[in-house]
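So the structure is just underneath, and the comments pick up after that.
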Amino acid sequence: NNQVPKDIKTQSMFKYLENTFGIRMEYAISEIIPTFPTEEMLKYMDIKRDTLFLLLHQIHYDKENRPVFYSFDYFNSEVFKFKINRAI
């Protein structure tokens, strides 16, 4: 199936993959990196250059443990906090 979305405004990427292709995300492996905004973020967002973000480099897996996609997600550290459950 070679359906490439032109624009997804009404649902999340996860819902799109599930509804269109039957791919359900099960989990993601994430690397959390403190960082400052990119030039593109500064251009489009009303933020200061020294605003601290948490960058999540993530690989998302389906229920068969297959990697489905890779994402870079920026979270403003003044707005978002994360709890991490670490397996030892």
Of all the heavy-atom pairs spanning Pro37 and Ile47, show the shortest one and how long it is. CB-CD1, 3.6 Å
Same cluster or not: Phe75 versus Phe36, using hydrophobic residues (I, L, V, M, F, W, Y) connected whenever any side-chain heavy atoms lie under 4.5 Å apart? no
Once rounded to the nearest 0.5 Å, what's the spacing between atom CD1 of Ile32 and atom NE2 of His57? 11.5 Å
Considering only NZ, NE, NH1 and NH2 on the basic side and carboxylate oxygens on the acidic side, decide whether Glu26 and Lys63 come within less than 4.0 Å. no
Is there a continuous path of hydrophobic side-chain contacts, each under 4.5 Å between heavy atoms, that joins Leu52 to Ile84? no
Quick check: is Phe69 connected to Phe72 through a chain of hydrophobic side chains (ILVMFWY, heavy atoms under 4.5 Å apart)? no
For the rings on His60 and Phe14, is their centre-to-centre separation under 6.0 Å? yes
Under the salt bridge (charged side-chain N to carboxylate O under 4.0 Å, His left out) test, residues paired with Glu64 that sit two or more places apart: Arg66
Hey, can you tell me if Phe80 and Phe82 have their rings parallel, tilted or perpendicular (30° and 60° cut-offs)? parallel
Could I get the full list of side chain to side chain donor-acceptor pair (under 3.5 Å) partners for Glu39, not counting sequence neighbours? Arg49
Membership question, hydrophobic clusters at under 4.5 Å side-chain separation (ILVMFWY): are Ile29 and Tyr70 in the same one? yes
Cluster question for you: counting only ILVMFWY and a side-chain heavy-atom cut-off of under 4.5 Å, with indirect links fine, are Ile59 and Met13 together? no
Atom CG of Asp62 and atom CE of Met25: how far apart are they, to the nearest 0.5 Å? 6.0 Å
Distance check, rounded to the nearest 0.5 Å: Ile33 atom CD1 versus Tyr74 atom OH? 8.5 Å
Could you list the residues that satisfy side chain to side chain donor-acceptor pair (under 3.5 Å) with Asp73, not counting sequence neighbours? Gln58, Ser71
How long is the straight-line distance from OG1 of Thr38 back to NZ of Lys43, given to the nearest 0.5 Å? 11.0 Å
With heavy-atom distances below 4.5 Å as the criterion, would you say the side chains of Phe53 and Ser77 are in contact? no
About how many Å separate CE of Met45 and CD of Glu40, when rounded to the nearest 0.5 Å? 10.5 Å
So, does Thr20 use its side chain to make a donor-acceptor pair with the main chain of Leu17 at under 3.5 Å? no
Quick one: pull up CD1 in Ile23 and OH in Tyr61 and give me the separation to the nearest 0.5 Å. 15.0 Å
